[in-house]
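Below is one structure; the comments refer to it alone.
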Amino acid sequence: MLGPVILAASRSDRMRRLISAAPVTRQVVDRFIPGERVDDIVPVIRDLTDRGLEVTMDVVGEDITRPEQAAAARDAYLELIDRLKELELGDRAEMSVKLSLFGQALPGGHELALANVRPVVEAAAAIGTTVTLDAEDHTTLDSMFAIHDELRRDFPQTGCVIQAYLFRTEADARRLAANGSRVRLVKGAYKEPADVAFQQKTEIDKAYVRVLKILMAGEGYPMIGSHDPRLISITQELARRAGRKLDEYEFQMLYGIRTEEHLRLAAEGHRMRVYTAYGTDWYGYFMRRLAEKPANLRFFVRSMVSKG
């Protein structure tokens with residue numbers, strides 16, 4: 001399986017330098033990350049929402065080693081919120097945050113991440129939108145869920161992400177599938193050991209459906225993070241069985257992947273949200289996109305060969 005190899009490369013400084021220096025890389029990265037600055041991304045948001053889509057915005061960056069960097073990440077999100085306010089999109093444009101970017105892995109990181117993310121959640125609520133806490137590797141999840149619980153006391157619309165490949169996720173889903181909750185379900189994109197996560201695609205897919213059933217039968221708002229046509233069909237059937245209206249769940253897909261499917265689902269009346277990342281520290285995000293799906297890797301390799 002190439003996925004674990006690519007994920008290992010995502011943590012390699014040598015591979016970072018090699019891939020970043022390749023002339024074709026910027027062209028390929030632009031498929032997944034359409035800008036580096038807020039000014040770059042505003043026209044993208046306008047274009048997506050004008051076509052009937054919704055967005056969740058992610059300021060990329062992961063290598064946080066100092067509290068000042070975490071504060072800078074907070075300020076980048078606050079700048080984004082200022083621009084979203086001008087667009088008056090409400091919850092059609094929300095934000096996704098990784099708590100590692102807010103200092104979670106630093107000494108005293110739990111309290112630091114909470115202190116940095118709270119003003120972002122407050123500012124988002126002030127313009128009529130919200131924030132979803134992204135899931136990272138399994139060692140960070142207890143802290144993430146605790147921060148999620150704390151934020152929901154004042155901002156109950158705050159969402160979180162659960163990952164189907166982890167053994168713990170069915171229990172997490174049962175706890176989270178409550179009235180007012182917002183939960184994004186994804187397969188998972190980190191290299192996890194066999195004692196905490198399913199390793200085979202077939203087992204991960206089965207786990208995804210089991211968790212999806214829990215969310216659809218619950219009282220919360222499921223957000224389906226998948227590009228898999230089979231899982232999209234299963235979602236529609238489970239929603240029908242649960243008596244859910246089209247605005248009582250949503251699909252989420254990555255910017256640059258299956259764009260025509262985004263538009264098809266929106267045209268059918270579904271809420272279709274495009275996960276759109278931007279920023280200069282794109283390497284880790286880009287490598288996980290390659291690891292998640294063989295087609296993404298083939299696209300990158302073909303581009304390297306054709307432009308090399």
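For the single chain, residues carry numbers from 1 onward in sequence order. Since we're looking at a predicted model, the values are computed, not measured. Just so you know, these numbers use all the heavy atoms, side chains as well, and skip hydrogens, waters and symmetry mates.
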Evaluate side-chain contact (heavy atoms from CB on, under 4.5 Å) for Tyr249 paired with Leu215, printing each intermediate quantity in order.
-> CA-CA 10 Å; Tyr249 66 100; Leu215 295 179; over 6 Å; no
Do Ile64 and Leu133 belong to the same hydrophobic cluster, where Ile, Leu, Val, Met, Phe, Trp and Tyr are linked whenever their side-chain heavy atoms lie under 4.5 Å apart, directly or via other members?
-> yes
Which heavy atom in Gly218 sits nearest to a heavy atom in Arg244, and how many Å separate them?
-> O-NH2, 3.0 Å
N-O pairing of Arg273 and Asp91 below 4.0 Å = no
Can you check whether Val274 reaches Gln252 side chain to side chain, under 4.5 Å on heavy atoms?
-> no
Ring centers of Tyr190, Tyr165 separated by less than 6.0 Å = no
Would you call Arg264 and Glu268 a salt bridge, using N to O less than 4.0 angstrom?
-> yes
Please round to the nearest 0.5 Å and tell me the distance separating atom OH of Tyr208 and atom CZ of Arg210.
-> 13.5 Å
May I ask you to say whether Arg168 pairs ionically with Asp142, meaning some side-chain N is under 4.0 Å from a carboxylate O?
-> yes
What closest approach, in Å, do Ile147 and Ala113 show between heavy atoms, and which atom pair accounts for it?
-> CD1-CB, 4.1 Å
Would you say Thr129's side chain and Ala93's backbone share a donor-acceptor pair under 3.5 angstrom?
-> yes
What is the minimum heavy-atom distance between Ala277 and Val60, and which atoms define it?
-> CB-CG1, 3.4 Å
If only atom types and distance count, is the side chain of Asp40 paired as donor or acceptor with the main-chain N or O of Glu36 below 3.5 Å?
-> yes
Minimum side-chain heavy-atom gap Thr49-Leu53 below 4.5 Å = no
Below 4.5 Å, heavy atoms only, C-beta onward: do Lys191 and Asp137 meet side chain to side chain?
-> no
Are Val131 and Leu151 linked, directly or through other ILVMFWY residues, by side chains that come within less than 4.5 angstrom of each other?
-> yes
Looking only at heavy atoms, the pair that brings Ser143 and Gln104 closest together is OG-NE2, 3.1 Å
Transitively linked via ILVMFWY side-chain contacts under 4.5 Å: Val55 with Val161?
-> no
Residues Asp134, Arg184: salt bridge by 4.0 Å N-O rule | yes
Inter-residue atom distance Arg152.CZ - Leu176.CG, 0.5 Å rounding = 8.0 Å
Find out whether His110 and Leu99 are in side-chain contact, i.e. whether some heavy atom of one side chain is under 4.5 Å from a heavy atom of the other.
-> no
Can you find a pair of side-chain heavy atoms, one from Val186 and one from Ile162, that are under 4.5 Å apart?
-> no
Between the NE2 atom in His270 and the CD atom in Glu250, the distance rounded to the nearest 0.5 Å is 12.0 Å
Distance (rounded to the nearest 0.5 Å) between Thr130 OG1 and Gln157 CD | 4.5 Å
Would you please say whether a donor-acceptor pair under 3.5 Å links the side chains of Gln69 and Thr65?
-> yes
Report the C-alpha distance between Phe102 and Leu112 in whole Å, list the side-chain angles of each, state the deciding distance to 0.1 Å, and finish with yes or no for side-chain contact (heavy atoms from CB on, under 4.5 Å).
-> CA-CA 7 Å; Phe102 290 82; Leu112 179 62; over 6 Å; no
Could you tell me if the ring centre of Phe167 sits under 6.0 Å from that of Phe198?
-> yes
Are Glu150 and Leu114 side-chain neighbours, meaning at least one heavy-atom pair lies under 4.5 Å?
-> yes
Under 4.0 Å between a Lys/Arg side-chain N and an Asp/Glu carboxylate O for Asp149 and Arg153?
-> no
Under the criterion side chain to side chain donor-acceptor pair (under 3.5 Å), which of Thr132, Thr276, Asp58, Thr56 is the partner of Ser96?
-> Thr56
Is there side-chain contact between His138 and Pro193, with heavy atoms separated by less than 4.5 Å?
-> yes
Test: Asp228 and Arg230 ion pair at under 4.0 Å | no
Is there a path of hydrophobic side-chain contacts, each under 4.5 Å between heavy atoms of I, L, V, M, F, W or Y residues, that connects Leu166 with Leu231?
-> yes
Among Val211, Ile234, Thr235, which one satisfies side-chain contact (heavy atoms from CB on, under 4.5 Å) with Met216?
-> Thr235
Taking the side chain as C-beta and beyond, is there a heavy-atom pair between Leu254 and His227 under 4.5 Å?
-> yes
Cluster question for you: counting only ILVMFWY and a side-chain heavy-atom cut-off of under 4.5 Å, with indirect links fine, are Met253 and Met57 together?
-> yes
Quick one: closest heavy-atom pair of Leu212 and Leu185, and the distance?
-> N-CD2, 3.8 Å
Heavy-atom nearest pair, Leu106 first then Pro67, reads CD1-N, 3.7 Å
Verdict with reasoning, Val44 to Tyr255, per side-chain contact (heavy atoms from CB on, under 4.5 Å) | CA-CA 10 Å; Val44 176; Tyr255 180 90; 3.8 Å; yes
Indicate yes or no: does Glu248 engage Lys245 in a salt bridge with an N to O separation below 4.0 Å.
-> no
Ion pair check, Glu170 and Arg174, cut-off under 4.0 Å | yes
Evaluation steps, side chain to side chain donor-acceptor pair (under 3.5 Å), between Gln163 and Thr169 | CA-CA 6 Å; Gln163 302 167 103; Thr169 297; over 6 Å; no
